[in-house]
Asks: 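Below you will find the structure I want to go over with you.
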Amino acid sequence: MKAVSRKNILYTIGIIILGVLINRIISDTSILLGLPLYLDSIGTIFIAAIGGVFPGMMVGFITNMIGGITDTSTFYYGTINVLIALIAGMGAEKGCFDKFRKIFILLPFYLLLSIPCSLLTYILFAFSIGENVASPVVSAIHNKGIPVLLAQIIGDYTVEIPDKLISIIIAFILVKLTPAKVREALDIISGRNIRRHFSKEDMERRSSLRTQISVGFMIAGLAIVLIAFFVSYKTYMEAKVTGFPDGTYDIAHIRTETLLYSGKMLSAVLGLLMCIVSFTMVLADSTIVNPLHSMAKEMKRFAYDSNSGRDKSVRKIESLDIKTGNEIEELYKALSKTVKDIDEYIDMTTAQAEQISVMQVNLINTLADIVESRDAVTGYHVKRTSEYCRLLALELRAEGKYTDILTDDYISSLAIAASLHDIGKIKIPDAILNKPGRLTDEEFEIIKTHTVMGKKMLENTNLSTEDNSYLEMAEDIAYYHHEWWDGSKRGYPERISGESIPLSARIMAVADVFDALMSKRSYKEGYPLEKTIQIMQEEKGTHFDPAILDALMVIQLKLVEVARLYSEDAVE
């Protein structure tokens, strides 16, 4: 995105000259042929349509300045021709020159503009009929008893309707005859090529800064024009009075003459002011508004994008290539470097976070292995149950059950947290934990305390950890995985029931019992799959959540494969 270049300036000057020539040639031809039309704004409309508002305004203003050499009153219509360019330029932005039928949308606006034009004619010609193309029509209407001003408005409308209709049709033809490459080059000058890439929301944000700048310049310009008006009024009034040293003058006549003179000056200067403001906005768009908006748009995308999205945003920001030759360019360079550095830092931080996460998982698995090594009979129980839990959760989600809970993050945390379900056993005496036979009632009560002790251990760990999602889940699993679905006394430690039991613990309960039944213990051999399923089905709705047990039935062969993979024989 570059500022206005020398080439663009030459292009702009060239189309302005072209527009002025079109205006003068067609207007003079109309006069020579004695046509009752002005046809002096075709070039203005054409250039505004292909080059934007500013070149069109300059065409209209310069055309009137040149015309004023032979007809002084033409000077003062510069403001009207500038407004004609404004309407054409804004119409082109809305696509009025894309299709023939759309150009007629402009006609009502030009007819509305005829009213201030008639008022200006009325003032310029000292509240009498103006000397222009519409004069014969105006005189005929006035002769029928219609007041001069109203006759001027009606007469001007009679001429303006065919005049502007023909003008916009010819301008449309000229636009369509303009080569596509030329129009593309002019789009760069006018900034339309950039605006086409902005969404409606983008344009609204962009317009806020643009509006603030334009309003500021317009207010300042109007203040200058009004001051100039009052100064010229006062100066002219004093000069006229001084011209009658004997004091024999008509003050009312002098005031009227002075007001007419100041009004003419105001009309001429106002047209120039609008051209200056338009140029200022083109310059502001090129060097301030568009660069800042583009940077803000990409920075917003960068701030909210994913890792891959941020990389794309960095490349997009670098490709803006903003060259304005002012502080905006320096800001862009600093911003581009900062964004690139931030992206690299985020990538580095993400990689480190991933490494820390892997280390945490490894530490948890190591801790689980330590607990496992104290229990001589469970072997690879924690590895198997962790995988069972993951597969059960995936199946439940596939069946459309608990989908609001079973997110990818939840299932990932479940697979990690499940490893810690028996961590409390680390505080159970070896004599009880590794007893070769069945436990006594007293010993079983001691074993049951591993749920409470496991929760306390994990709570203490959780207090010193910021990312504790899986530790919170591990607390639930460690504490509640021996609860029964029906809340019977066989469940512990709280004897709660149903969905009061956390989902993670209910899944763990099914996985834990399935592995216990399938595995060999000192007091029993491992049951075959059919026997295991039969036993668990008998406790459906009492010990186990029915939905989870149904999911186990669907994936039982997958669980058997996991059991084989993590059996003592397979691992050894």
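Treat the numbers as computed from the prediction; the structure is a model and nothing was measured. Excluded from the calculations below are hydrogen atoms, water molecules and symmetry mates; all remaining heavy atoms, backbone and side chain alike, are included.
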Asks: Taking all heavy atoms of Ile47 and all of Gly56, pick out the closest pair and write down the distance.
Replies: CG2-N, 4.0 Å
Asks: Does a side-chain heavy-atom distance below 4.5 Å link Val510 with Tyr388?
Replies: no
Asks: If you count the non-hydrogen atoms of other residues, nucleotides and ligands that lie under 6.0 Å from OH in Tyr402, is the total more than 12?
Replies: yes
Asks: Give a yes or no answer on whether the side chain of Ser412 reaches the backbone of Asp408 with a donor-acceptor pair at less than 3.5 Å.
Replies: no
Asks: Taking NZ in Lys102 as the centre, count heavy atoms belonging to other residues, nucleotides or ligands within less than 6.0 Å. Is the count above 12?
Replies: yes
Asks: Using the six-membered ring wherever Trp is involved, compare the ring planes of His421 and His481 and label them parallel, tilted or perpendicular (cut-offs 30° and 60°).
Replies: perpendicular
Asks: Lys427 and Thr449: side chain to side chain contact (heavy atoms under 4.5 Å, CB included), yes or no, with the steps?
Replies: CA-CA 9 Å; Lys427 292 192 175 184; Thr449 62; over 6 Å; no
Asks: A quick test of your reading: do over 12 heavy atoms of other residues, nucleotides or ligands sit less than 6.0 Å from NZ of Lys456?
Replies: no
Asks: For the pair Ser336 (side chain) and Tyr332 (backbone), establish whether a donor and an acceptor sit closer than 3.5 Å, ignoring hydrogens and angles.
Replies: no
Asks: Rounded to the nearest 0.5 Å, how far does CZ of Phe544 lie from CH2 of Trp484?
Replies: 7.0 Å
Asks: Inspect the surroundings of CE in Met553 and state if more than 12 heavy atoms from other residues, nucleotides or ligands are less than 6.0 Å away.
Replies: yes
Asks: Start with the C-alpha gap between Ile50 and Val182, add the side-chain angles, then the distance that decides, and say whether side chain to side chain contact (heavy atoms under 4.5 Å, CB included) holds.
Replies: CA-CA 9 Å; Ile50 64 171; Val182 174; 5.6 Å; no
Asks: Rounded to the nearest 0.5 Å, how far apart are OG of Ser504 and CD1 of Ile477?
Replies: 4.5 Å
Asks: Which pair of heavy atoms, one from Leu396 and one from Leu406, lies closest together, and at what distance?
Replies: CB-CD1, 3.6 Å
Asks: Of all the heavy-atom pairs spanning Val175 and Ala49, show the shortest one and how long it is.
Replies: CG2-CB, 3.8 Å
Asks: Does the distance from a Lys or Arg side-chain N to an Asp or Glu carboxylate O, for Lys455 and Glu459, drop under 4.0 Å?
Replies: yes
Asks: So Val382 and Asp422, side chain to side chain contact (heavy atoms under 4.5 Å, CB included) or not? Walk me through it.
Replies: CA-CA 8 Å; Val382 293; Asp422 277 338; 5.5 Å; no
Asks: Do you know the tightest heavy-atom contact between Ala171 and Ile45?
Replies: CB-CG2, 3.6 Å
Asks: Using a strict 4.0 Å threshold on nitrogen-to-oxygen distance, state whether Asp545 and Lys401 make a salt bridge.
Replies: no
Asks: Could you tell me whether Lys540 and Asp550 make a salt bridge, using a distance below 4.0 angstrom between a side-chain N and a carboxylate O?
Replies: yes
Asks: When you look at Asp515 and Tyr566, which way does the side-chain hydrogen bond (donor to acceptor under 3.5 Å, both in side chains) test go after all the steps?
Replies: CA-CA 11 Å; Asp515 192 68; Tyr566 290 110; over 6 Å; no
Asks: What verdict does the side chain to side chain contact (heavy atoms under 4.5 Å, CB included) test give for Ile168 and Phe97, after you've listed the backbone C-alpha separation in whole Å, the side-chain angles of each residue and the deciding distance to 0.1 Å?
Replies: CA-CA 9 Å; Ile168 59 177; Phe97 288 87; 5.6 Å; no
Asks: Within a strict 4.5 Å, meaning less than it, do heavy atoms of the Glu483 and Pro493 side chains meet?
Replies: yes
Asks: Rounded to the nearest 0.5 Å, how far does CG of Leu86 lie from CZ of Phe54?
Replies: 13.5 Å
Asks: Locate the shortest heavy-atom distance separating Leu106 from Gly91; write the atom from each residue and the value.
Replies: CD2-CA, 3.9 Å
Asks: Can you name the nearest heavy-atom pair linking Met508 to Ala418, along with the distance?
Replies: SD-CB, 4.0 Å
Asks: Could you state the interatomic distance from OG1 (Thr532) to CD (Gln537), rounded to the nearest 0.5 Å?
Replies: 12.0 Å
Asks: Are any of the side-chain nitrogens in Glu561 or Lys558 under 4.0 Å away from the carboxylate oxygens of its partner?
Replies: no
Asks: Is the closest side-chain heavy-atom distance between Thr542 and Trp485 below 4.5 Å?
Replies: no
Asks: Considering only heavy atoms from C-beta outward, does the side chain of Glu539 approach that of Leu549 to under 4.5 Å?
Replies: no
Asks: If we ignore hydrogens and angles and just use 3.5 Å, is the side chain of Thr451 paired with the main-chain N or O of Lys448 as donor and acceptor?
Replies: yes
Asks: With distance as the sole criterion, is a donor-acceptor pair present between the side chains of Tyr527 and Gln534 under 3.5 Å?
Replies: no
Asks: Would you check, one step at a time, whether the test ring pair (Phe, Tyr, Trp, His ring centres under 6.0 Å) holds for His543 with His482?
Replies: CA-CA 9 Å; His543 190 171; His482 284 293; 8.3 Å; no
Asks: Measuring from Cys389:SG to Ile507:CD1, what's the distance to the nearest 0.5 Å?
Replies: 6.5 Å
Asks: Is there a side-chain contact between Tyr492 and Tyr480, using heavy atoms and a 4.5 Å cut-off?
Replies: no
Asks: Between Arg397 and Tyr410, does any side-chain donor sit less than 3.5 Å from a side-chain acceptor?
Replies: no
Asks: Given side chains that start at C-beta, do those of Leu552 and Ile533 come closer than 4.5 Å, heavy atoms only?
Replies: yes
Asks: Within the 4.5 Å heavy-atom criterion, are Glu387 and Leu559 side-chain neighbours or not?
Replies: no
Asks: Within a radius of less than 6.0 Å around NZ of Lys337, do more than 12 heavy atoms belonging to other residues, nucleotides or ligands occur?
Replies: no
Asks: Does some side-chain heavy atom of Ser519 sit less than 4.5 Å from a side-chain heavy atom of Arg384?
Replies: yes
Asks: Just verifying a value: how many Å separate Leu458 CG and Asp476 CG, rounded to the nearest 0.5 Å?
Replies: 10.0 Å
